[in-house]
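Every chain is numbered from 1, with letters handed out A, B, ... down the list of sequences. It should be emphasised that the depicted structure is a prediction, and the values quoted were computed from it without experimental measurement.
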2 protein chains.
Amino acid sequence: MNILEKISNELDMLSKSERKVAEVILASPSTVIHSSIAALAKQANISEPTVNRFCRRLDTKGYPDFKLHLAQSLANGTPYVNRHVDENDTAEEYTSKIFESTMANLESARKSLDTNDINRSVDVLTQANKISFFGLGASAIVAHDAQNKFFRFDVPVVYFDDILMQRMSAINSRQGDVVIVISHTGRTKSLVEVASLAKENDATVIGITTKGTPLAKECSIVLTVDVAEDTDLYMPMSSRIAQLALIDVLATGFTLRRGSKFRDNLKKVKDSLRSSRFERKD
Amino acid sequence: MNILEKISNELDMLSKSERKVAEVILASPSTVIHSSIAALAKQANISEPTVNRFCRRLDTKGYPDFKLHLAQSLANGTPYVNRHVDENDTAEEYTSKIFESTMANLESARKSLDTNDINRSVDVLTQANKISFFGLGASAIVAHDAQNKFFRFDVPVVYFDDILMQRMSAINSRQGDVVIVISHTGRTKSLVEVASLAKENDATVIGITTKGTPLAKECSIVLTVDVAEDTDLYMPMSSRIAQLALIDVLATGFTLRRGSKFRDNLKKVKDSLRSSRFERKD
DNA sequence: AGAAAAAATGAAATTTTATTTCATAATGAA
DNA sequence: TTCATTATGAAATAAAATTTCATTTTTTCT
């Protein structure tokens, strides 16, 4: 809890001298964080031990610890939270809200991820004969992006955002193939079926979805990406961004597992693009 | 400025021993605010004066003052810094680093955005006869995603990730058309040409790119998305995520500008998907 | 390569700051 | 008023941070 609030709440639990301290602090907290205990004591016309006792009464370890708490309370910035866009927001406001919500959701997505599952997924991916990414709608672009990344690793990789192609591809899969199925809701019928088909054909199926969905039940490994999707505007927003971050994690894990020679190769792929670009002048 | 960012920015200005201090702090800033200078020195295997010098190099008055700044940075909700993935990172570590870097980059992207330009872009988009999104490589998926969103607004919208189609489309554009060209580097020759062609044909060209690039010079409106791309692994990472967040902002601005009846329509689009999904049981 | 200069570093001394101890003063209940 | 309880601050102590300075390392210049 904010220590400034705490001070004003507990004002009547304090002794007379301690209250003097409280008042000085409340009057100008930003000065206090730069004062020594002696300076504050003088300011409040009381002794140093009193300041110390005051700090302890607020459940801090002592004066320096108290200042730390105070500094944190003063740090004006609100932590990133999912703030909903409002009808009358200015461009400034809705821009901030969207960026902050996205960051907040990335944070919660990270917390929902299990690194063991990531490890297992990277294991499986590095040993795959073929990797397929399937997604529909907003998740299609995640699959698309994944292809763009894994393509550089000289592994056979495909992506489909077409139901029929996905089915056909799933039916043709075999042991050693990895199929990654991406769906925020995890309830899209055709995708759940595709996952199930691929599994029947002995492919390893990795699901990127929300916890406990029908899709999750069909997968060999589930990479849980839980985000509080803002549904006010009826469009997928943060979910796909969290999924993309997860793709980055998998791609990174893949390159690390493959070792440093492999990364030189990646550099070559990148350098090959140079001639298509205007030179930098700096 | 956030002191954690500052530390990582100035990492190469630091001496060897000071860098050790920096690393210990970045690894676990929340531990550090409860450590004495002696404890931190021991942790980093260097002497106390070195910690002190480190603090001063970051323009703080000394160690206690540094801790205050650190505490404020942590309270700010952003302990997020662009941290580079290391060869020997565990899955836990690289996952955290990627998520945190992504968040840090979103933060800096937001700062680089000019809300006036966003407003102008939304103006132009709401009045467009036709909207086209062009991107290549990693930016292609951003264009793809934008189509997926704007498609719901019953405006004619196309996306191309093919150079020839982009050229043809640009040549056929006319007054009242809006062409959005997406490129992190802003140096991809064919895209710069496409932007220039579209402009010659009187389309309004909006660029989503980094400040001051060749592409930026060809655009009617430039939406600046500056991110410190992590090039260690030679793959685009945060840039496309920041671009996607910007697409969310534009789409949101669009729906807000169009008013509430319009949003009911969006709900209908979304509801139309229901039959393709498994029902939620809760 | 080797010498001189500059920069970085840590041990020890010093200073500053915080905490504890303890004696005294204020407060309040019988 | 008297005794007990609590509050307070002076002084002593402890802890923490900073400075000084000698030594080591690095860089620069023959």
Side-chain angles (χ1 to χ4, degrees), chain A residues 3 6-74, chain B residues 3 6-74:
Chain A
I3 195 118
K6 193 168 182 175
I7 295 173
S8 26
N9 284 343
E10 301 192 4
L11 218 54
D12 24 294
M13 271 84 149
L14 300 175
S15 74
K16 209 187 333 170
S17 302
E18 284 169 355
R19 201 164 317 142
K20 284 191 202 167
V21 184
E23 277 156 16
V24 171
I25 294 166
L26 290 174
S28 175
S30 53
T31 315
V32 173
I33 59 171
H34 296 114
S35 309
S36 68
I37 192 167
L40 175 56
K42 198 176 170 194
Q43 181 84 15
N45 266 305
I46 45 78
S47 72
E48 302 179 23
T50 301
V51 176
N52 205 270
R53 283 187 285 261
F54 166 84
C55 296
R56 298 221 171 119
R57 201 175 295 271
L58 290 155
D59 303 313
T60 62
K61 290 182 69 185
Y63 184 66
D65 189 43
F66 169 79
K67 284 212 294 188
L68 241 42
H69 282 264
L70 191 58
Q72 295 200 317
S73 300
L74 289 180
Chain B
I3 195 119
K6 191 167 185 177
I7 295 173
S8 42
N9 282 344
E10 301 193 2
L11 218 54
D12 21 292
M13 271 81 149
L14 300 175
S15 73
K16 209 187 334 168
S17 303
E18 284 169 354
R19 201 164 315 140
K20 283 191 203 165
V21 183
E23 276 156 17
V24 171
I25 294 166
L26 290 175
S28 175
S30 52
T31 315
V32 173
I33 60 171
H34 297 114
S35 309
S36 68
I37 193 168
L40 175 56
K42 199 177 169 194
Q43 181 84 12
N45 263 307
I46 44 78
S47 71
E48 303 180 21
T50 301
V51 176
N52 204 270
R53 283 187 286 259
F54 167 85
C55 296
R56 300 225 169 116
R57 202 178 294 270
L58 290 154
D59 304 315
T60 63
K61 289 182 69 184
Y63 184 67
D65 188 41
F66 170 80
K67 285 212 294 187
L68 242 43
H69 281 264
L70 191 59
Q72 295 201 317
S73 298
L74 290 180

S.K.: Note down the inter-axis angle between the two ends of the helix from C/dA1-D/dT30 to C/dA30-D/dT1, five pairs each, to the nearest 10°.
M.R.: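 The end axes of the helix from C/dA1-D/dT30 to C/dA30-D/dT1 are about 20° apart, to the nearest 10°.
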S.K.: Name all residues meeting the side chain to side chain donor-acceptor pair (under 3.5 Å) criterion together with A/Asn45; count only those two or more places apart in sequence or in a different chain, and write none if there are none.
M.R.: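 Once residues adjacent in sequence are excluded, A/Asn45 has no partner under the side chain to side chain donor-acceptor pair (under 3.5 Å) criterion.
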S.K.: If I compare all heavy atoms of B/Leu14 with all of B/Arg57, which pair ends up nearest, and what's the gap?
M.R.: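 Heavy atoms of B/Leu14 and B/Arg57 come nearest at CD2-CD, 3.4 Å.
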S.K.: Kindly say if A/Ser15 contacts the phosphate of D/dT6, meaning a side-chain N or O under 4.0 Å from OP1 or OP2.
M.R.: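 Indeed not, no polar side-chain atom of A/Ser15 lies that close.
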S.K.: Begin from the C-alpha positions of A/Thr60 and A/Ile3 and carry the test side-chain contact (heavy atoms from CB on, under 4.5 Å) through to its verdict.
M.R.: CA-CA 10 Å; A/Thr60 62; A/Ile3 195 118; 4.0 Å; yes
S.K.: Quickly work out the A/Glu18 CD to D/dT8 P distance and round it to whole Å.
M.R.: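 Value for this atom pair: 6 Å.
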S.K.: In the 5'-to-3' direction, what one-character label does each nucleotide of nucleotides 10-20 of chain C receive under the scheme B = base within less than 4.0 Å of a protein heavy atom, S = sugar-phosphate only, - = no such atom?
M.R.: BB------SBB
S.K.: Could you tell me which residues satisfy salt bridge (Lys or Arg N to Asp or Glu O under 4.0 Å) with B/Asp65, sequence neighbours excluded, listed by chain and number?
M.R.: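 Partners of B/Asp65 under the salt bridge (Lys or Arg N to Asp or Glu O under 4.0 Å) test: none.
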S.K.: Among all residues two or more places apart in sequence or in another chain, which pass the ring-ring contact (aromatic ring centres under 6.0 Å, His included) test with B/Tyr63?
M.R.: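 Result, ring-ring contact (aromatic ring centres under 6.0 Å, His included) vs B/Tyr63: none returned.
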S.K.: Applying salt bridge (Lys or Arg N to Asp or Glu O under 4.0 Å), can you list everything that pairs with A/Arg56, at least two apart in sequence or on another chain?
M.R.: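 Testing A/Arg56 for salt bridge (Lys or Arg N to Asp or Glu O under 4.0 Å), a comparison that skips the adjacent residues, returns none.
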S.K.: Using the 3.5 Å cut-off, write out each protein N or O paired with an N or O of nucleotides 27-29 of chain C and the distance between them.
M.R.:
{"unit_1": "C/dT27", "atom_1": "OP1", "unit_2": "A/Lys16", "atom_2": "NZ", "d": "3.2"}

S.K.: Using atom types as modelled, flag every donor-acceptor pair under 3.5 Å from a side chain in residues 25-32 of chain B to any protein atom, sequence neighbours excluded.
M.R.:
{"unit_1": "B/Ser28", "atom_1": "OG", "unit_2": "B/Thr31", "atom_2": "OG1", "d": "2.3"}

S.K.: In sequence, state the C-alpha distance, the side-chain angles, and the governing distance for B/His69 and B/Leu58, and then conclude on side-chain contact (heavy atoms from CB on, under 4.5 Å).
M.R.: CA-CA 10 Å; B/His69 281 264; B/Leu58 290 154; over 6 Å; no
S.K.: With rounding to the nearest 0.5 angstrom, report the CD to CG distance, B/Glu18 to B/Leu11.
M.R.: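 Answer rounded to 0.5 Å: 10.5 Å.
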S.K.: Please enumerate all residues that pass salt bridge (Lys or Arg N to Asp or Glu O under 4.0 Å) together with A/Glu48, with sequence neighbours excluded.
M.R.: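 Testing A/Glu48 for salt bridge (Lys or Arg N to Asp or Glu O under 4.0 Å), a comparison that skips the adjacent residues, returns none.
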S.K.: Less than 3.5 Å apart, which donor and acceptor atoms pair up between the side chains of residues 36-43 of chain A and the rest of the protein, not counting sequence neighbours?
M.R.:
{"unit_1": "A/Ser36", "atom_1": "OG", "unit_2": "A/Ala38", "atom_2": "N", "d": "3.4"}
{"unit_1": "A/Ser36", "atom_1": "OG", "unit_2": "A/Ala39", "atom_2": "N", "d": "3.2"}

S.K.: Could you give all pairs that pass the ring-ring contact (aromatic ring centres under 6.0 Å, His included) test and reach residues 21-56 of chain B, with sequence neighbours left out?
M.R.: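 Of all non-adjacent pairs touching residues 21-56 of chain B, those that pass ring-ring contact (aromatic ring centres under 6.0 Å, His included) are B/Phe54-B/Phe66.
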S.K.: Show, in sequence, the C-alpha distance, side-chain angles and deciding distance for B/Thr50 and B/Lys20, and conclude whether the side-chain contact (heavy atoms from CB on, under 4.5 Å) test is met.
M.R.: CA-CA 10 Å; B/Thr50 301; B/Lys20 283 191 203 165; over 6 Å; no
S.K.: Using atom names, set out every protein N or O paired with an N or O of nucleotides 5-7 of chain C below 3.5 Å, distance rounded to 0.1 Å.
M.R.:
none

S.K.: Taking CG from B/Leu40 and C1' from D/dT18, how many angstroms apart are they, rounded to a whole number?
M.R.: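 Going from B/Leu40 (CG) to D/dT18 (C1'), I get 15 Å.
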